[in-house]
Amino acid sequence: MNILLFLCLLLRKHISNVKIANIIPYGNMAKEFSTRAENYSQWYNDLVIKADLAENSAVRGCMVIKPYGFAIWEKMRDVLDGMFKDTGHSNAYFPLFIPKSFFNKEAAHVEGFAKECAVVTHYRLKNSEDGKDIVVDENARLEEELIVRPTSETIIWDTYRNWIQSYRDLPILVNQWANVVRWEMRTRLFLRTAEFLWQEGHTAHATKEEAIAETKQMLDVYADFAENWMALPVMKGTKSPNERFAGAVETYCIESLMQDGKALQAGTSHFLGQNFAKAFDVKFLNQQNQQEYVWATSWGVSTRLMGALIMAHSDDNGLVLPPKLAPTQVAIVPIFKSKEQLEKISEKAVAIKKELQAKGIKVKYDDRDTYKPGWKFSEYEFKGVPVRLAIGPRDLENGTIEVARRDTLEKEIYQQSDIANKVEHLLDKIQNNLYQRAFSFREDKTFKADTWEEFRDIVENKGGFVYAHWDGTPETEQKIKDETKATIRLIPLDDKREEGKCIYTGKPSERRVVFARAY
RNA sequence: CGGGAAGUAGCGCAGCCCGGUAGCGCGCUUCGUUCGGGACGAAGAGGUCGCGGGUUCAAGUCCCGCCUUCCCGACCA
């Protein structure tokens, strides 16, 4: 390492002000992280822990989201919340507990969620006979059990019944930020936990057309967020009946591709038709003075987006965050020996920090003397901070500053003049580069298959999305899933008709659908 | 919920087969030298060995039950 360091210094002397390509890779990382190639899922697990995003809790399947991880989620939440408000929605809050009987009312819905519901049966504890323990008081059994919400359609539609009488009460455009519980057998931090955070929008409309327009609008909001904030390219489409939300007439979704070639559903938007209105008897009087059932939508994204964000961009050195969602966008590290030196450098560094802050950039000036510069470099690297600035005595003399970008691991020496503008542009560049990189990756991993052999080969050996013909039956989809683990991720929204034959049964098909193995 | 593996200091692990004084590395504390890619030396602190029973003079070690995590299935966002 010392030799490398020496070489680096030599290089810098000879080509100061010129870009130094390819930062020294650190051997240390290998000790702490699995690599993606070695073991992708271990890499993901390590990353979540080492980047200080979340950890497992004392409760099975439930995670603790740590401050750094929560800061990212908070940013996502704030941006999405703004987008919801801009499209006319308001936030509200409904109860965590739902009377069990509510679940009986919509047949498909109950069937979809029954197997993973947590149930509250008692409301009191007491001391055990021997006084050593706390036990459930059997005398305090609830008359009707309460379900911990796995989603809130039922309690919300029961409530909407009282809110809606006339077409003048419509539309209702409500969103809630909440936690939900689905009793999962096998969990992974962010990707699948028993409790997770999400938002669920629930809207009520006078007409079918308006409800469908709302469903599509919110899908577009999600796609916009994924692409422009998360730098995550997504495909839009509808789900096959097998994959449809329990109780929906049509489920729209955005699907993204992770670096291991598996698809991840990043958001869903459901057209619920009049299913819940009928189940909960929610009617309104239209302008012709006739009773009609209300039309409904619901839409949601969850902390699972954190998983998508991590798996889409990060590398073997740790987390890589798109600048627009990074809690810290720029870290400034001073290089110093003495206190006097630190004071001089700090003067310059703080000035630069202020310049950056004036542009709305989130900056952290790390003048701790308890950690060495190299240690800080590593830390910011595996925490995914997009840009790191280093400033030392040499830079003070030369009016320069070292700029390192996380996405490409390149370092350059910049002149200090106009540094704020340069960094601002660099952040934009990184944001775009991450999107482009993810987009090219997806392009390279998107295939067409016309025969069963071809299909199997792609799914098993290449991964990624496969456009293929399907005869439209749930039975065929199930068989394909049983044999290859690939499912229909979506039926593309663009209405590209193409005559063909189902890859599995050979029956006629009018269009290709997108298959993949999925999270 | 089925099959496998693991749980010993904050983290990573050895010790268990063959019962008898709880160990190593990293991290942590103090001091000194260092500081442009995870510094070095010296001296320290830190443990109900996952939890609960049992066997035994004696259990981290043997036996039984449970909990948690990871991997593979079924289920699922």
Side-chain angles (χ1 to χ4, degrees), chain A residues 1-2 4-13 16 20 23-29 31-32 34 39 41-42 44-46 49-50 55-63 112-116 132-133 150-151 180 182-194 196-198 200 239 242-243 245-246 251 253-255 263-268 270 300-305 307-308 317 333-339 341-342 345 368-382 388-396 400-402 404 409 411 413 481-482 485 487 518-519:
Chain A
M1 192 50 94
N2 284 333
L4 286 173
L5 178 59
F6 178 66
L7 281 176
C8 185
L9 291 175
L10 267 184
L11 268 176
R12 189 174 309 196
K13 267 197 174 152
S16 60
I20 299 174
I23 184 176
I24 307 162
Y26 339 180
N28 290 354
M29 277 307 148
K31 274 186 275 175
E32 302 186 38
S34 306
N39 186 342
S41 64
Q42 191 62 47
Y44 174 84
N45 294 341
D46 288 353
I49 302 296
K50 296 281 195 245
E55 61 189 31
N56 282 303
S57 68
V59 186
R60 181 193 192 114
C62 294
M63 64 180 161
F113 286 103
K115 283 174 286 182
E116 49 188 23
K132 285 180 182 168
D133 229 334
T151 179
V180 287
R182 297 181 187 175
W183 213 259
E184 297 292 346
M185 290 301 150
R186 197 172 163 186
T187 59
R188 290 185 77 190
L189 294 174
F190 291 121
L191 293 173
R192 179 166 292 107
T193 46
F196 56 92
L197 305 184
W198 77 346
E200 43 182 328
K239 286 293 187 192
N242 283 9
E243 300 279 324
F245 174 72
T251 288
C253 64
I254 51 172
E255 289 280 332
L264 187 141
Q265 179 176 298
T268 50
H270 313 292
V301 296
S302 71
T303 36
R304 200 179 209 211
L305 286 181
N317 296 318
V333 178
I335 316 285
F336 60 94
K337 291 184 185 171
S338 63
K339 262 191 181 162
Q341 214 166 33
L342 174 62
I345 293 165
R368 288 177 296 178
D369 61 0
T370 46
Y371 293 96
K372 295 186 60 194
W375 193 93
K376 294 176 185 173
F377 292 173
S378 297
E379 168 154 43
Y380 292 121
E381 190 149 282
F382 67 64
R388 186 191 71 234
L389 305 178
I391 180 162
R394 253 196 325 273
D395 295 305
L396 282 193
T400 56
I401 190 161
E402 183 191 86
L409 294 170
K411 287 202 280 197
I413 305 297
K481 184 183 177 182
D482 292 343
K485 292 183 189 166
T487 50
Y519 276 95

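The chains referred to below are lettered A, B, ... by the order of the sequence lines, with proteins before strands, and numbering in each begins at 1.
Pairing each heavy atom of Asp46(A) with each of Ser34(A), the nearest pair is OD2-OG, 3.1 Å.
Heavy atoms of Gln265(A) sit under 4.0 angstrom from primed sugar atoms or phosphate atoms, though from no base atom. The residue Leu264(A) sits apart from the nucleic acid: no heavy atom pair falls under 4.0 Å. Within the nucleic acid shown, Thr193(A) comes within 4.0 Å of at least one base atom, counting heavy atoms only. Using a 4.0 Å heavy-atom criterion, one finds that Gly61(A) contacts the sugar-phosphate atoms exclusively.
rG7(B) is paired with rC67(B) under the Watson-Crick or G-U wobble criterion, all donor-acceptor distances under 3.5 Å. Searching all strands for a Watson-Crick or G-U wobble partner of rC13(B) with both distances below 3.5 Å returns rG23(B). Base pairing analysis places rC18(B) opposite nothing; no Watson-Crick or G-U wobble pair with both distances below 3.5 Å involves it. In this structure rU55(B) sits in no base pair that meets the Watson-Crick or G-U test at under 3.5 Å. Remark: rG2(B) base-pairs with rC72(B). Criterion, Watson-Crick or G-U wobble with two distances under 3.5 Å. Nucleotide rA42(B) forms a Watson-Crick or G-U wobble pair with rU30(B), both donor-acceptor distances falling under 3.5 Å.
Taking atom C1' in both rC13(B) and rU8(B), the straight-line distance is 9 Å, to the nearest Å. The gap from the P atom of rU29(B) to that of rC62(B) amounts to 37 Å, rounded to the nearest Å. Rounded to whole Å, the separation between the P atoms of rU69(B) and rU21(B) comes to 34 Å. Between rA58(B) and rG54(B), the two P atoms lie 12 Å apart (nearest whole Å). When the P atom is compared between rC24(B) and rC67(B), the two are found 35 Å apart, to the nearest whole Å. To the nearest whole angstrom, the two P atoms, one in rG47(B) and one in rA5(B), are 32 Å apart. Annotation: rG7(B) and rG60(B) have their P atoms spaced 16 Å apart (nearest Å). Of the P atoms belonging to rG38(B) and rG50(B), the separation is 37 Å, rounded to the nearest Å.
Of the residues near RNA chain B, Ala390(A) and Phe196(A), the one whose nearest nucleotide (by heavy atom distance) lies more toward the 5' end is Ala390(A).
In this structure, Lys372(A) reaches the rG36(B) phosphate: one of its side-chain N or O atoms is under 4.0 Å from OP1 or OP2. For the pair Arg192(A) and rC76(B), the criterion of a side-chain N or O lying under 4.0 Å from OP1 or OP2 is not met. Close to rG73(B), at under 4.0 Å from its OP1 or OP2, lies a side-chain N or O of Lys485(A). Taking only side-chain nitrogens and oxygens, Ser41(A) never comes nearer than 4.0 Å to OP1 or OP2 of rC70(B). The phosphate of rC71(B) (OP1 or OP2) has no side-chain N or O of Asn39(A) nearer than 4.0 angstrom. At rC71(B), one or more side-chain N or O atoms of Asn45(A) fall inside 4.0 Å of OP1 or OP2 (strictly under the cut-off).
For Glu184(A), there are no side chain to side chain donor-acceptor pair (under 3.5 Å) partners, not counting sequence neighbours. The side chain to side chain donor-acceptor pair (under 3.5 Å) search around Trp183(A) returns none, not counting sequence neighbours.
Atom NZ of Lys50(A) is separated from atom P of rG27(B) by 13 Å (rounded to the nearest Å). What separates CZ of Arg60(A) from P of rC51(B) is a distance of 19 Å, to the nearest Å. In this structure, the CH2 atom of Trp375(A) is 15 Å from the P atom of rG36(B), given to the nearest Å. The distance from atom CZ of Phe245(A) to atom P of rC76(B) is 14 Å, rounded to the nearest whole Å. One atom, CD of Gln341(A), and another, C1' of rC35(B), lie 9 Å apart when rounded to the nearest Å. Put simply, CG on Asp369(A) is 15 Å from P on rA39(B), counting in whole angstrom units. The distance between atom CD1 of Ile49(A) and atom C1' of rC11(B), rounded to the nearest whole Å, is 11 Å. Put simply, CE on Met185(A) is 18 Å from P on rC72(B), counting in whole angstrom units.
Comparing rG36(B), rC76(B), rU69(B) by their nearest atom to the side chain of Glu116(A) picks out rC76(B). The Tyr371(A) side chain lies nearest to rC28(B) when the options are rG36(B), rG38(B), rC28(B). Counting only heavy atoms from C-beta on, Arg186(A) has its side chain closest to rA74(B) among rG38(B), rC35(B), rA74(B). For Arg188(A), the side-chain atoms get nearest to rC71(B) when compared with the rest of rC35(B), rC71(B), rG38(B). Distances were taken from every side-chain heavy atom of Glu379(A) (C-beta onward) to each of rC35(B), rG38(B), rG36(B); the shortest belongs to rG38(B). The side chain of Ser378(A) lies closest to rG38(B), out of rG36(B), rC76(B), rG38(B).
The aromatic rings of Trp375(A) and Tyr371(A) lie parallel to each other, with less than 30° between the two planes, well short of the 60° mark.
Annotation: side chain of Glu255(A) is in contact with side chain of Lys239(A) (closest heavy-atom distance under 4.5 Å). Taking 4.5 Å as the limit, some side-chain heavy atom of Thr303(A) sits within range of a side-chain heavy atom of Met63(A).
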Inset, instruction - Report the C-alpha distance between Val333(A) and Arg388(A) in whole Å, list the side-chain angles of each, state the deciding distance to 0.1 Å, and finish with yes or no for side-chain contact (heavy atoms from CB on, under 4.5 Å). - result: CA-CA 7 Å; Val333(A) 178; Arg388(A) 186 191 71 234; 4.2 Å; yes
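With respect to Glu379(A) and Arg368(A), a salt bridge is recorded, a charged nitrogen being found less than 4.0 Å from a carboxylate O.
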